[in-house]
Trainee: 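Encoded as C-alpha cells, here's the structure I'll be asking about.
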Amino acid sequence: MYTNAVEMVEVSPRDGLQNEPALIPTEAKLDLIRQAIACGARRIEVTSFVNPRAVPQMADAEQVCEGIEPVEGVTYIGLVMNRRGAERAIATGKIGQLGAVSVSTDTFAMANQGQTSEGSVDAASQIIALAKHAGLTGQATIAASFGCPFEGEVSEDRILAMAEVLARAGAVEIGLADTIGVANPAHVARLVERVSKAISPLPVRVHFHNTRGTGLANVWAAIGAGARIVDASIGGLGGCPFAPGAAGNVATEDVVYMLERAEISTGLDLDRLIETNRWLAGIMQKELPAMVGKAGGFPQPQHNERKLP
Ligand code: ZN
C-alpha cells in the first residue's frame, strides 16, 4: 500500500557530521541547517546533547541552539541519551522535540550507553516524560533494529515489545534504525508492518545507513509496509563508530529523487538539495556519497539543447 506523501527528517547536522574526524565549525553547521530549511526541510535533527568527551563533534550543542532561529513550521530535534541530556536540550529553549534512543541488545546498549537494553528503554521513557513535562514532544528510535554489531541477528519480537513500551510511554513516533547498515528489504517490510500495526495510530519512522548498498531499497520497502517518515542526510554523510567502514545515512537527495519520480511527495526541492550537496562537499573538502548529488536530477532542461554525440 503506497502513500502519496512522506515526511522527511533531515539528520545531516547530527548523524551526518557526528563521525567526521575533522571538527566542523559551529557556523558551518548553522549554515547547513539554514540551507536544509531552504530546501524545504521541516524537521531537522540539529545536534545531540551527549558527553562532549564521547562525541567531540557535538560539543557545541548549546552554541548551535543559540544560533538557530525559530522558523514557522520547522521543528528542531535534539538527540538525548539521558536525563542530563534532556535537561540541557530543554534549557536551550530552541528544541521542539527530544529524540531518545533505545538499543535492541544488551551488548550494544552497554557499549553505546553503559546500560542494558531494558535500561535504555527506561531511559527513553523518562526522556519522553521530561519532554512532555516541558511542553515539547518526545520520539524514540530503536537502534540496531535489524542487526547488532556484537550479537548479530536481532529478534523481531524484541523490537516489537520495545516499540510497544515506548509507544505507551508517550512517544509521538517510533523510529526503527538500521544503525550498522545490514537490513534487507524483505526484513524491513516484515518488521515495519508488524510494528506499524502494533503502535497504530502512531507512525513508524525509518533510519537506514547505506553501508551495504541496500539503503534505498529499504526505504522503498518500508514505505510500502506503512512507514510514513524517513530520516536522511544531505550528501549521504555519516557513519557508525561500532561498524568500521560503515557508510553514511541514505542521502536526502537520493531518497527525494526516488520518491518524487514515483509520485510520492516529500516537500523537498531536489535542485536545491543538489546545490546544497555541492556546497557541503566544499565544506567537507571531499566528494559526498550521494548518487543524485553527482548525476543531477532527471529530466534536466538542458538535455533538450544538448546535441547527441
Ligand atoms: Zn544513524
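What you see below is based on every heavy atom in this structure, not just the backbone, and it leaves out hydrogens, waters and symmetry mates. Numbering of ligands and ligand atoms starts at 1, following listing order.
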Trainee: Can you find a side-chain donor-acceptor pair between Glu151 and Thr107 that sits under 3.5 Å?
Mentor: yes
Trainee: Under 2.8 Å from the Zn ion (ligand 1) - does any N, O or S atom of Asp231 fall there?
Mentor: no
Trainee: By the ring-ring contact (aromatic ring centres under 6.0 Å, His included) test, which pairs, at least two apart or in different chains, include something from residues 165-206?
Mentor: Phe146-His187
Trainee: Looking only at N, O or S atoms, find the one in His207 nearest to the Zn ion (ligand 1) and name it.
Mentor: NE2
Trainee: Give me each pair satisfying salt bridge (charged side-chain N to carboxylate O under 4.0 Å, His left out) with a member in residues 197-209, each pair once, sequence neighbours excluded.
Mentor: Glu173-Arg205, Glu193-Lys197, Arg205-Asp231
Trainee: Would you mind naming the N, O or S atom of Asp15 nearest to the Zn ion (ligand 1)?
Mentor: OD2
Trainee: Using the rule side-chain contact (heavy atoms from CB on, under 4.5 Å), only one of Val46, Ile77, Val80, Ile90 pairs with Ile95; which is it?
Mentor: Val46
